[in-house]
Amino acid sequence: KSKQADHIANEIKILSMIDHPFVIKFDGFTQDDKYLYLALELINGGELFTYLRGVGRFPVDQARVYIAQIVSIFEYLHSKNIIYRDLKPENILIHKSGYLKLTDFGFAKIVEGRTYTLCGTPEYLAPEIILNKGHGKPVDWWTCGILLYEMIAGIDPFSDDDPMMVYQKILKGKIKFPSGFDSNAKSLVKHLLESDLTKRYGNLKGGVKDIKGHRFFKELSWEKLINMELTPPYIPK
């Protein structure tokens, strides 16, 4: 009745396609006369949202390890032409190891060029989605910039109680950084929250290499990260 069958089928298809250490594992589905059941990995460390709201903001080193995992996830998804489109702290879970697990692929979509569906969370929407210009992989890099800012500042950069005002702020593109905001993180945020797609990191000729090679990550070993050999910054009790 709510016409969600296609959405669920799409989510199951995408979950079946992916296998990444920082993405929730999907073990299959079944159904009865009333319900559809998805069998997913148990992640009992809670949401990043709850954790961030509890502590207020993260130290830069902690934010670095967290955002690096998201970059790794998006690099993997984009290699399969999957755009996620719904990054936010509520969709990131914390594994007992301290590493992150991305969940909720309801808005994810296989796209080789552009798509025009308006979806996502207002504070995280890229300008091209708001303007209905058609969007693709670069929207995920925009959301990375929003998340990095929010983890360090404790609030998203275009925050407002009125969603329409949020949209206006996003389109104006003026980012105010609180005093003491790490200069390397500020640089990366600016490169990610670039409304001009020809200048946005992740969408340049170098692709994700421009992001991974940014000085914000100079002390991070990407190989150790993906092999989960780093000491994670937080382990749930």
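At most 12 non-hydrogen atoms from other residues, nucleotides or ligands lie less than 6.0 angstrom from CD of Glu223. Enclosure of atom OH in Tyr37 by more than 12 non-hydrogen atoms of other residues, nucleotides or ligands within 6.0 angstrom is indicated. Heavy atoms from other residues, nucleotides or ligands lying under 6.0 Å from CZ of Phe29 number 12 at most. Heavy-atom contacts from other residues, nucleotides or ligands closer than 6.0 Å to CG of Asp6 number 12 or fewer.
Considering only residues two or more places apart in sequence or on other chains, Glu150 meets the side-chain hydrogen bond (donor to acceptor under 3.5 Å, both in side chains) condition with Arg53, Tyr124. For Phe158, the ring pair (Phe, Tyr, Trp, His ring centres under 6.0 Å) criterion is met by no residue, not counting sequence neighbours. Every residue two or more places apart in sequence or in another chain that forms a ring pair (Phe, Tyr, Trp, His ring centres under 6.0 Å) with His20 is listed here: Phe22, Tyr76.
Panel note: side chain Lys137, backbone Asn203; no donor-acceptor pair is recorded below 3.5 Å. Side-chain N or O atoms of His135 include one that pairs as donor or acceptor with a backbone N or O of Thr115 at under 3.5 Å. One N or O on the side chain of Gln69 and one on the backbone of Leu100 form a donor-acceptor pair closer than 3.5 Å. At distances below 3.5 Å, at least one donor-acceptor pair connects side-chain atoms of Asn91 with backbone N or O atoms of Asp86. Within the 3.5 Å criterion, the main-chain N or O of Ala68 finds no donor-acceptor partner in the side chain of Ser72.
A continuous path of ILVMFWY side-chain contacts below 4.5 Å connects Phe181 to Leu52, so both sit in one hydrophobic cluster. No chain of hydrophobic side-chain contacts below 4.5 Å, direct or via other Ile, Leu, Val, Met, Phe, Trp or Tyr residues, connects Leu188 to Leu197. Residues Ile18 and Tyr99 share a hydrophobic cluster, clusters being chains of Ile/Leu/Val/Met/Phe/Trp/Tyr side chains in contact below 4.5 Å. Residues Phe107 and Ile8 do not share a hydrophobic cluster, defined by chaining ILVMFWY side chains whose heavy atoms lie under 4.5 Å apart. Cluster membership check: Phe49 does not share its hydrophobic cluster with Leu93, using side-chain heavy-atom separations under 4.5 Å among Ile, Leu, Val, Met, Phe, Trp and Tyr.
Considering only heavy atoms from C-beta on, Thr117 comes within 4.5 Å of Arg85 through its side chain. Taking the side chain as every heavy atom from C-beta outward, Pro138 and Glu128 approach each other to under 4.5 Å. A heavy-atom distance below 4.5 Å is not found between the side chains of Leu77 and Ile83. Counting heavy atoms from C-beta on, the side chains of Glu11 and Phe26 never come closer than 4.5 Å. Residues Pro178 and Tyr149 meet the side-chain proximity criterion, which asks for heavy atoms closer than 4.5 Å. Inter-residue side-chain proximity for Ile14 and Ile110 is flagged as met; some heavy-atom pair is nearer than 4.5 Å. Contact of the Lys88 side chain with the Glu123 side chain is not registered, since no non-hydrogen atoms from C-beta on lie closer than 4.5 Å. Counting heavy atoms from C-beta outward, Ile70 and Phe74 have side chains that approach closer than 4.5 Å.
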Derivation of the ring-ring contact (aromatic ring centres under 6.0 Å, His included) call for Trp141 and His78: CA-CA 11 Å; Trp141 299 125; His78 291 178; 5.3 Å; yes
Pair Arg64-Asp61, salt bridge (charged side-chain N to carboxylate O under 4.0 Å, His left out): steps then yes or no: CA-CA 5 Å; Arg64 179 182 294 110; Asp61 289 345; 2.7 Å; yes
Audit row: Asp140, Leu87, side chain to side chain contact (heavy atoms under 4.5 Å, CB included) steps and yes/no: CA-CA 7 Å; Asp140 282 342; Leu87 185 68; 5.9 Å; no
Verdict with reasoning, Asp182 to Phe216, per side chain to side chain contact (heavy atoms under 4.5 Å, CB included): CA-CA 9 Å; Asp182 181 79; Phe216 180 65; 4.0 Å; yes
Side chain to side chain contact (heavy atoms under 4.5 Å, CB included) evaluation trace for Tyr66 with Leu147: CA-CA 10 Å; Tyr66 282 163; Leu147 181 62; over 6 Å; no
Derivation and outcome, side chain to side chain contact (heavy atoms under 4.5 Å, CB included), residues Phe177 and Val189: CA-CA 10 Å; Phe177 292 91; Val189 167; 3.9 Å; yes
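Of the candidates Ile170, Ile129, Leu192, Trp142 forms a side chain to side chain contact (heavy atoms under 4.5 Å, CB included) with just one, namely Ile170. Among Lys96, Lys101, Lys25, the one residue that satisfies the salt bridge (Lys or Arg N to Asp or Glu O under 4.0 Å) test with Glu41 is Lys101.
Atom CE in Met228 sits 9.0 Å away from atom CD1 in Ile226 (nearest 0.5 Å). Residue Leu131 holds its CG atom at 5.0 Å from CG of Leu171, rounded to the nearest 0.5 Å. Taking CE of Met151 as the start and CD1 of Ile146 as the end, the distance is 12.0 Å to the nearest 0.5 Å. One finds the NZ atom of Lys13 at 11.5 Å from the NZ atom of Lys109 (value rounded to the nearest 0.5 Å). One distance of note links CD1 of Ile73 with CD1 of Ile92; it measures 7.5 Å at 0.5 Å rounding. Note that the CG atom of Leu148 and the OG1 atom of Thr143 stand 11.5 Å from one another [nearest 0.5 Å].
Taking each heavy atom of Tyr167 and Ile130 in turn, the nearest pair found is CD2-CD1, 3.7 Å. Closest approach of Glu194 and His191 over heavy atoms only: CB-O, 3.6 Å. Contact between Ala185 and Ile152 at its shortest, heavy atoms only, is CB-CD1, 3.5 Å. When all heavy atoms of Thr198 and Leu204 are compared, the closest pair comes out as O-CD2, 2.9 Å. Here the closest non-hydrogen pair linking Ser221 and Leu230 is O-CD1, 4.3 Å. The minimum heavy-atom distance between Leu125 and Cys119, with the atom names listed, is CD2-O, 3.1 Å.
Ring planes of His214 and Tyr201: perpendicular class, angle over 60° (limits at 30 and 60°). Taking the six-membered ring where tryptophan is involved, the planes of Phe58 and Tyr51 are tilted, since the angle between them lies from 30° to 60°.
Ion pairing of Lys212 with Glu75 is present here, as a side-chain N (NZ or NE/NH1/NH2) and a carboxylate O approach within less than 4.0 Å.
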